Each structure stands twice: as C-alpha cells, then as structure tokens.
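Contents: one structure, followed by commentary.
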Amino acid sequence: MSRDGEKELRVVVPPSLRDSLSPPGVPRLKDLYVRPNISQKRVMGTLEAHSNGFRFHNNHGSNVDIIYSTIKQAFFQPCDKEMLIILHFYLKHPIMIGKRKTYHIQFYTEVGEIMTDLGKSSHMYDRDDIEAEHAEREMRQKLKGAFKSFIEKVENLTKGRVEFDTPFRDLGFFGVPFRSSCLLQPTTHCLINVIEWPPFVIELDSVELIHFERVQFQLKNFDMVFIFKDYTKKVEAINSVPMTSLDSVKEWLNSCDLKYTEGAVSFNWSKIMKTINDNIDGFFDDGGWKFLDPPSDEEDDEGSEEEMDETWGPASEEGSEGEAESEEDSDEDYSSESEYSDASGSGTGTSEESGKDWSDLEEEARRDDAKRAREDEVESPKKKRKIGGSSSKMSKKKRR
C-alpha cells in the first residue's frame with residue numbers, strides 16, 4: 001500500500017471545531033461520561049453544542065469533536081425505569097476514539113446505584129428509604145429536564161439538521177442481538193438498544209424484509225432476521241425473542257409498513273446472500289423472497305390436488321389400460337365363442353335342419369345313460385378291492 005493510501009486511512013477524525021472558545025450562550029451539559037472511553041480511566045466531562053458541531057472535553061485535556069453533518073441518527077434515552085440517561089449518536093463515517101474506529105458514541109450519566117443493604121432490616125415505613133427514593137425521583141426529574149432543555153437548544157441551533165429520536169418503551173421486547181439479553185425499543189425510524197454496550201441500532205428505512213425463524217408452538221423463543229435493501233450488507237439477527245412477543249412485534253411491523261415472513265426452520269444466510277449476489281437477476285426471475293412465504297390455503301389445495309393426480313393418475317391409467325385390455329380380451333373371447341358357435345352351428349345346423357325329432361333325442365339319451373351305468377359297474381369292484389386291502393393292512397398293523 002502506498003503512503004497516500006495510509007494517510008487516507010488515518011484521516012478518520014473530523015476536523016476540529018472552529019469555535020474553540022466557549023461563549024456564555026453555548027448549550028452545554030456537565031458531569032457526563034463518554035462511551036467508548038477516550039482514556040484509560042473513566043473521567044467526567046462537559047458536552048457543548050457549537051455552531052457546526054459538538055465538542056466533549058474533560059479535565060485531562062482530552063477532546064472529542066463531532067461535526068453535525070456526520071451525524072446519521074441521534075437518540076435520547078430517558079432514565080424511566082433505567083439507571084442511565086443517554087445521548088447517543090450514530091455516525092455516517094467512523095471516528096477514531098483512542099486506537100479504534102467507531103460509528104457509535106454516547107454521552108451519559110448515572111441516575112442511581114443498584115445497592116442493597118443486607119445488614120439493615122427493610123420496612124415499608126423506613127424514613128431513610130423514603131427519603132432516598134424521594135431524592136432519587138427528584139434527581140431523575142432534574143436530569144430529564146436538563147437533557148430535554150439541551151436537546152431543544154441543539155435542535156433550534158442546528159435548524160433541524162440534528163433531531164433526537166426517543167424510543168417507545170411500551171413497544172419494546174427482549175432479545176439477544178449480541179451475547180446478552182436486552183430490551184430492544186423501537187423509535188420513529190429505528191430499532192435500538194443503547195443502554196448495553198456495544199449498542200444495537202437498525203434503521204428501518206434500510207430494511208427490506210424481516211424473517212421470523214423457529215416459529216413453532218412447542219418452542220418458547222424465536223429469532224428475527226433483518227434483510228437489508230443493500231444485499232451486500234450482512235444480515236442482522238436478534239435471537240431468543242419470547243414467543244409471547246410475536247403478536248406485538250407483528251403489529252409494530254405492520255404499523256411501519258414493513259414486510260415480514262415466518263418459518264419453522266433456520267437458514268444459513270451467509271450462503272443465501274452469496275448465492276443472491278452472484279445472480280441477482282436470476283433470483284428475482286425465480287420469485288425473489290417468495291420461498292420464505294408460508295404456503296397459502298389455495299396453494300395447499302392445489303398441491304393436494306396435484307399430489308392426488310400424481311399418486312392416483314398412473315394407477316388410474318393402469319386400471320383403465322387393464323380394463324381396456326380385459327374388454328379387448330372379453331371381446332376376443334366373445335368373438336371366438338361366436339365364431340365357434342357359428343362354426344358348430346354351420347356344421348350341425350338347428351334341430352329342424354338336421355331332421356332329428358324328440359324321439360331320436362330321447363333314444364340317444366338312453367344310450368348315453370346305459371353306457372355310463374356299465375362304466376360305473378366296471379369301476380365299482382376295483383374300488384371295493386382297494387378299500388378292502390387298505391382295511392386288512394390296518395388290522396395287521398394293529399395286531400403287531
């Protein structure tokens with residue numbers, strides 16, 4: 001790589017703000033922490049809004065500058081039922097914090113501490129606990145007022161270039177975007193979690209389709225896969241979403257006009273996206289994402305009819321062929337019988353043509369009967385001899 005290319009990679013920090021001095025009328029928030037940390041130790045600092053960007057500086061002399069034009073999304077996370085109150089910025093281009101590039105930077109302060117005094121007996125009318133809860137409630141209201149005032153000043157200063165989006169906690173649901181479960185909250189334009197680190201931010205305008213995996217009644221959780229309009233971008237997944245949240249998530253997606261599909265199996269999305277990118281035209285010619293759609297009732301009926309045709313069609317054809325063959329055989333037999341009857345009839349003729357009357361026929365019948373009687377008389381002694389011989393043999397065996 002050339003030196004010019006190395007210089008281009010290193011130039012990721014935005015230029016310093018022109019308003020290096022802080023006039024008295026500049027909006028500012030004090031006693032804030034920054035994530036990711038700009039130093040080894042966590043140090044408080046002040047966030048100031050100047051004419052062309054934000055500047056954060058601490059007592060150690062470290063600064064972080066964010067130009068307004070580099071901000072893609074800005075979020076305000078209130079401290080309602082949370083221990084942190086946050087201003088989060090999702091950037092268009094990465095900036096260098098320490099030795100790492102990052103698209104996300106946030107400024108926050110802690111509202112309270114999660115502490116339990118095990119040596120102290122709890123009582124609902126304990127005066128110290130009531131005073132502590134009251135003080136924490138007042139501090140929360142004070143911090144919310146200070147942050148909201150700062151946000152209003154920034155929006156007025158930037159004339160709408162920077163607008164802060166607040167999440168809807170009532171529409172939130174739990175899931176695992178990275179390693180731990182967290183509360184994912186929709187905003188007007190995004191789905192976010194900025195309380196845990198690393199943060200999770202998905203812009204809804206960039207999403208083409210959401211697919212629900214492992215949707216089965218016997219399972220307690222399902223997975224969400226976000227497919228972006230830019231097919232070269234890796235899909236994002238939220239795992240282990242409670243099945244009880246499925247209906248509410250669908251309602252939220254419907255309100256955002258986002259298409260979603262569901263299925264019982266999981267897919268290897270890296271291979272799927274690679275196959276799509278190799279032949280995008282062929283992918284859309286084959287129906288696009290239609291393979292993710294669940295089969296409809298009409299398709300099921302058509303499929304069942306086709307299966308019936310496939311399963312019963314050959315058998316019915318064979319049966320029809322067999323019937324045709326049997327009919328042909330019967331026709332042949334009938335024709336042969338008719339031919340035989342015709343032949344015999346042509347040789348002997350009818351009773352009238354042959355000239356035989358009833359007396360002649362009776363005489364022939366008597367001769368036949370006499371012949372059969374003589375044959376029976378001849379065969380009967382032989383049978384008696386055989387029976388007698390067998391009985392004598394049986395008696396001899398018994399004597400022995």
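As the structure is a prediction and not an experimental result, all values here were calculated from the model. Computed over heavy atoms, backbone and side chain alike; hydrogens, waters and symmetry mates excluded.
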Audit row: E136, R140, salt bridge (Lys or Arg N to Asp or Glu O under 4.0 Å) steps and yes/no: CA-CA 6 Å; E136 182 177 343; R140 286 175 180 270; 3.1 Å; yes
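- Judged by distance alone, the side chain of N156 and the main-chain N or O of K159 form no donor-acceptor pair under 3.5 Å.
- Remark: side-chain polar atoms of S149 are not paired, donor with acceptor, to backbone N or O of A146 under 3.5 angstrom.
- From M139, atom CE reaches atom CD1 of I85 across 10.0 Å, with rounding to the nearest 0.5 Å.
- Relative to the six-membered ring of Y108, R35 meets both conditions, a distance below 6.0 Å and an angle of at most 45° to the axis.
- Residues L292 and V265 fall within the same hydrophobic cluster, defined by Ile, Leu, Val, Met, Phe, Trp and Tyr side chains chained together at heavy-atom separations under 4.5 Å.
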Steps toward side-chain contact (heavy atoms from CB on, under 4.5 Å) verdict (L209, F226): CA-CA 6 Å; L209 176 70; F226 292 83; over 6 Å; no
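- Residue V176 belongs to no hydrophobic cluster, having no ILVMFWY side-chain heavy atom closer than 4.5 Å to its own.
- Salt-bridge formation is not detected for the pair K148/E152: no Lys NZ or Arg NE/NH1/NH2 atom is positioned less than 4.0 Å from an Asp or Glu carboxylate oxygen.
- The six-membered or imidazole ring of F75 lies away from that of F89, with a centre-to-centre distance of 6.0 Å or more.
- Taking hydrophobic clusters as Ile, Leu, Val, Met, Phe, Trp and Tyr residues chained together by side-chain heavy-atom distances below 4.5 Å, M44 does not share a cluster with L47.
- Checking side-chain atoms of K92 against main-chain N and O of S69 turns up a donor-acceptor pair under 3.5 Å.
- Residue L183 is not grouped with residue V249 when hydrophobic side chains (ILVMFWY) are merged at heavy-atom distances under 4.5 angstrom, including chains of intermediate members.
- Clustering ILVMFWY residues whenever any of their side-chain heavy atoms sit less than 4.5 angstrom apart, transitively, puts L143 in the very cluster that holds L29.
- Annotation for P78 and P167: closest pair CD-CD, 4.3 Å, computed over non-hydrogen atoms.
- In this structure the side chain of F168 reaches within 4.5 angstrom of the side chain of T188, judged on heavy atoms.
- The minimum heavy-atom distance between G175 and V241, with the atom names listed, is CA-CG2, 4.3 Å.
- Every residue two or more places apart in sequence or in another chain that forms a side-chain contact (heavy atoms from CB on, under 4.5 Å) with T102 is listed here: P36, I95, I97, H104.
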side-chain contact (heavy atoms from CB on, under 4.5 Å) between L191 and F173, intermediate numbers included: CA-CA 10 Å; L191 177 67; F173 57 92; 4.1 Å; yes
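- Rounding to the nearest 0.5 Å gives a distance of 9.5 Å between CZ of F291 and CG of D293.
- A donor-acceptor contact shorter than 3.5 Å is absent between the side chain of D65 and the backbone of R55.
- Residues in residues 211-232 take part in these side chain to side chain donor-acceptor pair (under 3.5 Å) pairs, two or more places apart or across chains: E208-Y231, H211-T261, E213-W269, R214-D223, Q216-Q218, D230-T232, Y231-W289.
- A donor-acceptor distance shorter than 3.5 angstrom exists from the side chain of N279 to the backbone of G282, with no hydrogens or angles considered.
- With sequence neighbours excluded, no residue forms a side-chain hydrogen bond (donor to acceptor under 3.5 Å, both in side chains) with K233.
- Listed by chain and residue number, E155 satisfy the side-chain contact (heavy atoms from CB on, under 4.5 Å) test with E163 (two or more places apart in sequence, or in another chain).
- The two atoms that bring A49 and F54 nearest to each other are CB-CE2, 3.8 Å, heavy atoms only.
- Taking CD from Q77 and CD from E82, the interatomic distance works out to 5.5 Å, rounded to the nearest 0.5 Å.
- Between the side chain of N58 and the main chain of G61, a donor-acceptor pair closer than 3.5 Å is present.
- S270 is linked by a side-chain hydrogen bond (donor to acceptor under 3.5 Å, both in side chains) to N268, counting only residues two or more places apart in sequence or in another chain.
- Using a 4.5 Å heavy-atom threshold, the side chains of I210 and M224 count as touching.
- Residues satisfying the salt bridge (charged side-chain N to carboxylate O under 4.0 Å, His left out) test with K144, not counting sequence neighbours, are D80.
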L91 and K72: CA distance, side-chain angles, deciding distance, side-chain contact (heavy atoms from CB on, under 4.5 Å) verdict: CA-CA 5 Å; L91 306 177; K72 197 173 187 179; 5.9 Å; no
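- For R137, the salt bridge (charged side-chain N to carboxylate O under 4.0 Å, His left out) test picks out no residue, with sequence neighbours left out.
- Residues V26 and H50 form a side-chain contact, since some pair of their non-hydrogen atoms from C-beta on lies under 4.5 Å apart.
- With salt bridges taken as basic N to acidic carboxylate O contacts below 4.0 Å, one links E110 and R42.
- A centroid separation of less than 6.0 Å is found between the aromatic rings of F107 and F56.
- Residues Y260 and I227 do not share a hydrophobic cluster, defined by chaining ILVMFWY side chains whose heavy atoms lie under 4.5 Å apart.
- The shortest non-hydrogen separation linking P94 to K101 is CB-CB, 4.0 Å.
- For D257, the salt bridge (charged side-chain N to carboxylate O under 4.0 Å, His left out) test picks out no residue, with sequence neighbours left out.
- Residues H88 and Q73 bring no donor and acceptor atom of their side chains to less than 3.5 Å of each other.
- Between I238 and F200 there is a side-chain heavy-atom pair separated by less than 4.5 Å.
- Evaluation of the side-chain hydrogen bond (donor to acceptor under 3.5 Å, both in side chains) rule for H60 yields no partner, not counting sequence neighbours.
- F76 and F147 have parallel rings, their planes meeting at less than 30° on a 0 to 90° scale where 60° marks the start of perpendicular.
- Counting heavy atoms from C-beta on, the side chains of C182 and L184 come closer than 4.5 Å.
- N59 is linked by a side-chain hydrogen bond (donor to acceptor under 3.5 Å, both in side chains) to nothing, counting only residues two or more places apart in sequence or in another chain.
- Using a 4.0 Å cut-off between charged nitrogen and carboxylate oxygen, E363 and R367 count as a salt-bridge pair.
- No side-chain heavy atom of L171 sits less than 4.5 Å from a side-chain heavy atom of S248.
- Under the 3.5 Å distance criterion, the side-chain polar atoms of Y33 are left unmatched by any main-chain donor or acceptor of Q106.
- The shortest side-chain heavy-atom distance between N193 and P177 does not fall under the 4.5 Å cut-off.
- At least one donor-acceptor pair under 3.5 Å links the side chain of T158 to the backbone N or O of V154.
- Here the CD1 atom belonging to I192 is positioned 8.5 Å from the CD1 atom belonging to I86, to the nearest 0.5 angstrom.
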Steps toward side-chain contact (heavy atoms from CB on, under 4.5 Å) verdict (C256, L253): CA-CA 5 Å; C256 298; L253 294 176; 5.6 Å; no
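- Taking the salt bridge (charged side-chain N to carboxylate O under 4.0 Å, His left out) definition, one finds that K250 meets it with E262, sequence neighbours left out.
- Look at K274 and D278 and you find a salt bridge, because one of the NZ, NE, NH1 or NH2 atoms lies within 4.0 Å of a carboxylate O, short of that distance.
- The shortest side-chain heavy-atom distance between K234 and F228 does not fall under the 4.5 Å cut-off.
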